[in-house]
Amino acid sequence: MTITPAVRKILSNYESDNPGTKTNLARILMQGRLGGTGKLVILPVDQGFEHGPVRSFAPNPPAYDPHYHFQLAIDAGLSAFAAPLGMIEAGADSFAGQIPTILKVNSANTLSTAKNQAITGSVQDALRLGCSAIGFTIYPGSDDAYDMMEEIREMAEEAKAVGLAVVIWSYPRGGKLSKEGETAIDVTAYAAHMAALLGAHIIKVKPPTDFIEQPEAKKVYEKEGIDISTQAARIAHVVQSCFNGRRLVVFSGGPASDAESVFEMARAIRDGGGTGSIIGRNTFQRPRAEALKMLDTIMKIYEGEG
């Protein structure tokens with residue numbers, strides 16, 4: 001592949017990484033319809049672990065099959081496919097080399113009350129399956145957050161040593177956080193910054209609201225006149241919090257929404273300088289033709305149309 005100037009500039013921000021890791025980052029950044037633009041749209045399918053198979057796949061029964069998701073990501077021209085161990089194992093041979101994969105190496109489930117995740121995959125699994133990166137979730141605010149940070153520090157060191165990239169899902173929850181505070185602008189920016197400090201190449205957070213959770217942070221937002229009035233402005237603030245844009249930041253799609261809401265969010269991410277979307281349920285819970293049409297529109301938005 002020929003690396004575009006946009007991708008070469010992004011790779012230059014990762015000054016400590018070896019050629020193997022930069023190659024895997026380049027594979028993701030050069031893949032699919034947005035390849036070479038510096039924008040990403042990734043399909044994550046870890047919801048079966050997180051929410052259970054019925055809540056995840058019953059709205060579109062073909063999605064029970066892991067091959068369905070591989071093929072959807074490939075046919076839509078997406079940047080990468082992220083999933084837990086078993087799902088990637090189920091299609092690793094059939095789809096080898098057709099799309100970069102991200103092995104989600106920790107997972108939670110709704111049957112537990114703990115704000116924590118279990119380690120469910122390894123760096124060696126990622127290498128064996130030909131993955132380009134590992135993905136890991138942390139819960140800033142949780143009583144178990146420090147353990148999760150120590151786990152990803154160790155796994156990230158191992159992954160980078162063998163040339164894999166690191167993606168961190170940073171989802172505040174637990175502890176003293178209110179439900180509204182989980183997506184508050186100050187908390188989301190803080191969580192994104194933590195992921196950058198932990199060494200993530202790609203950071204995944206939820207789109208922030210204009211709510212401010214921390215009283216001390218609110219004083220600073222008001223004193224400094226930080227603009228959080230629009231979704232695009234809030235996206236820009238989160239990106240600024242990730243080393244002033246030196247790290248790739250993608251935003252989750254969240255629960256199933258109407259199509260226009262999904263498109264409006266993509267426009268806000270684009271206009272705020274975000275890297276792109278990591279969107280699961282809003283696509284794979286729709287019939288395949290409808291999902292492909294939605295993904296086509298999302299990528300047109302990131303291409304500057306609409």
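For Tyr302, there are no ring-ring contact (aromatic ring centres under 6.0 Å, His included) partners, not counting sequence neighbours. Take Ala73 and apply the side chain to side chain contact (heavy atoms under 4.5 Å, CB included) test, not counting sequence neighbours, and it matches Leu43, Leu78, Phe81, Ile99.
When all heavy atoms of Tyr68 and Pro62 are compared, the pair lying nearest together is CB-O, 3.4 Å. Contact detail for Pro208 and Ile235: the closest heavy-atom pair is CD-CD1, 4.1 Å. Residue Gly181 comes nearest to Val187 through the heavy atom pair O-CB, 3.3 Å, listed as atom of the first residue, atom of the second, then distance. Smallest separation of non-hydrogen atoms from Leu129 and Ala92: CD2-CB, 3.8 Å. What you find for Ile119 and Glu151 is that their closest heavy atoms are CD1-OE1, 3.8 Å. Scanning all heavy atoms of the two residues, the minimum distance from Val166 to Gly199 falls at CB-O, 4.4 Å.
With rounding to the nearest 0.5 angstrom, the CD1 atom of Ile152 is 11.0 Å from the OG atom of Ser170. Atom CD of residue Glu216 and atom NZ of residue Lys219 lie 3.5 Å apart, to the nearest 0.5 angstrom. For the atom pair Leu25 CG and Ile202 CD1, the distance stands at 6.0 Å (nearest 0.5 Å). Atoms CG and OG, from Leu103 and Ser122 in turn, are 7.5 Å apart once rounded to the nearest 0.5 Å. Atom CD1 of Ile138 is separated from atom CG of Asp144 by 13.0 Å, given to the nearest 0.5 angstrom. Here the CE atom belonging to Met299 is positioned 11.5 Å from the CG atom belonging to Leu40, to the nearest 0.5 angstrom.
Between the side chain of Glu50 and the backbone N or O of Ala108 there is at least one donor-acceptor pair closer than 3.5 Å. Between the side chain of Asn24 and the backbone N or O of Gly163, at least one donor-acceptor pair lies under 3.5 Å. Remark: side-chain polar atoms of Asp186 are paired, donor with acceptor, to backbone N or O of Glu213 under 3.5 angstrom. At distances below 3.5 Å, not a single donor-acceptor pair connects side-chain atoms of Ser94 with backbone N or O atoms of Gly91. Checked by atom type and distance alone, the side chain of His193 pairs as donor or acceptor with a backbone atom of Ser241 at under 3.5 Å. Between the side chain of Arg234 and the backbone N or O of Ile228 there is at least one donor-acceptor pair closer than 3.5 Å. A donor-acceptor pair under 3.5 Å is formed between the side chain of Asn282 and the backbone N or O of Gly253.
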message: If you apply the rule side-chain contact (heavy atoms from CB on, under 4.5 Å), what do you find for Thr297 with Glu305, and how did you get there?
response: CA-CA 9 Å; Thr297 301; Glu305 303 176 26; over 6 Å; no
task: Verify side-chain contact (heavy atoms from CB on, under 4.5 Å) between Lys160 and Asp17, making sure each step is shown before the conclusion.
output: CA-CA 7 Å; Lys160 292 174 183 180; Asp17 284 296; 4.1 Å; yes
message: Run the side-chain contact (heavy atoms from CB on, under 4.5 Å) test on Gln98 and Phe70 for me, step by step, so that the C-alpha distance in whole Å, both residues' side-chain angles and the decisive distance to 0.1 Å come before the verdict.
response: CA-CA 9 Å; Gln98 296 184 52; Phe70 276 94; over 6 Å; no
- request: Would you sort out whether His237 and Gln240 count as a side-chain contact (heavy atoms from CB on, under 4.5 Å), showing the intermediate values?
  value: CA-CA 5 Å; His237 179 61; Gln240 181 185 44; 3.5 Å; yes
- prompt: How far apart are the C-alpha atoms of Gln117 and Tyr139, what are their side-chain angles, what is the distance that settles it, and do they pass the side-chain hydrogen bond (donor to acceptor under 3.5 Å, both in side chains) test?
  reply: CA-CA 9 Å; Gln117 296 222 350; Tyr139 292 149; 2.8 Å; yes
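Glu180 and Thr209 are not linked by any side-chain donor-acceptor pair at a separation below 3.5 angstrom, with hydrogens and angles left out of the test. Judged by distance alone, the side chains of Gln71 and Asp75 do bring a donor and an acceptor atom under 3.5 Å apart. In this model, a donor atom of one side chain and an acceptor atom of the other lie less than 3.5 Å apart for Asn18 and Thr21.
Val162 and Ile134 fall within the same hydrophobic cluster, where Ile, Leu, Val, Met, Phe, Trp and Tyr residues are linked whenever their side-chain heavy atoms come under 4.5 Å apart, directly or through other members. Leu177 and Tyr171 are members of different hydrophobic clusters when ILVMFWY side chains are connected at heavy-atom separations under 4.5 Å. In the hydrophobic clustering of this structure, Phe243 does not group with Met194; members are Ile, Leu, Val, Met, Phe, Trp, Tyr whose side-chain heavy atoms approach within less than 4.5 Å, directly or through other members. A continuous path of ILVMFWY side-chain contacts below 4.5 Å connects Val41 to Ile74, so both sit in one hydrophobic cluster. Under the 4.5 Å side-chain heavy-atom criterion for ILVMFWY residues, a single connected hydrophobic cluster contains both Tyr64 and Val45.
Every pair tested for salt bridge (Lys or Arg N to Asp or Glu O under 4.0 Å) that includes a residue from residues 97-120 fails, sequence neighbours excluded, so the list is empty.
Here the side chains of Thr37 and Glu303 are not in contact, with every heavy-atom distance at 4.5 Å or above. Contact annotation: the side chain of Asn106 approaches that of Met148 to within less than 4.5 Å [non-hydrogen atoms, C-beta and beyond]. Looking at Ile301 and Phe263, their side chains come closer than 4.5 Å, going by heavy atoms from C-beta outward. Within the 4.5 Å cutoff, no side-chain heavy atoms of Phe49 are placed close to those of Ser56. Between Ile203 and Thr275 the shortest side-chain heavy-atom distance does not fall below 4.5 Å. With contacts defined as side-chain heavy-atom distances shorter than 4.5 Å, the pair Arg281/Gln47 qualifies. Phe251 places none of its side-chain heavy atoms less than 4.5 Å from the side chain of Met265. The side-chain heavy atoms of Ile185 and Tyr221, taken from C-beta on, include a pair separated by under 4.5 Å.
More than 12 non-hydrogen atoms from other residues, nucleotides or ligands lie less than 6.0 angstrom from CZ of Arg128. Within a 6.0 Å radius of CG in Asp143, other residues, nucleotides and ligands contribute 12 heavy atoms or fewer.
Between Phe57 and Phe284, the ring planes lie tilted relative to each other; the angle falls in the 30° to 60° range.
A cation-pi arrangement is absent between Lys22 and Tyr14, since the terminal nitrogen or guanidinium carbon is not both under 6.0 Å from the aromatic centre and inside a 45° cone about the axis.
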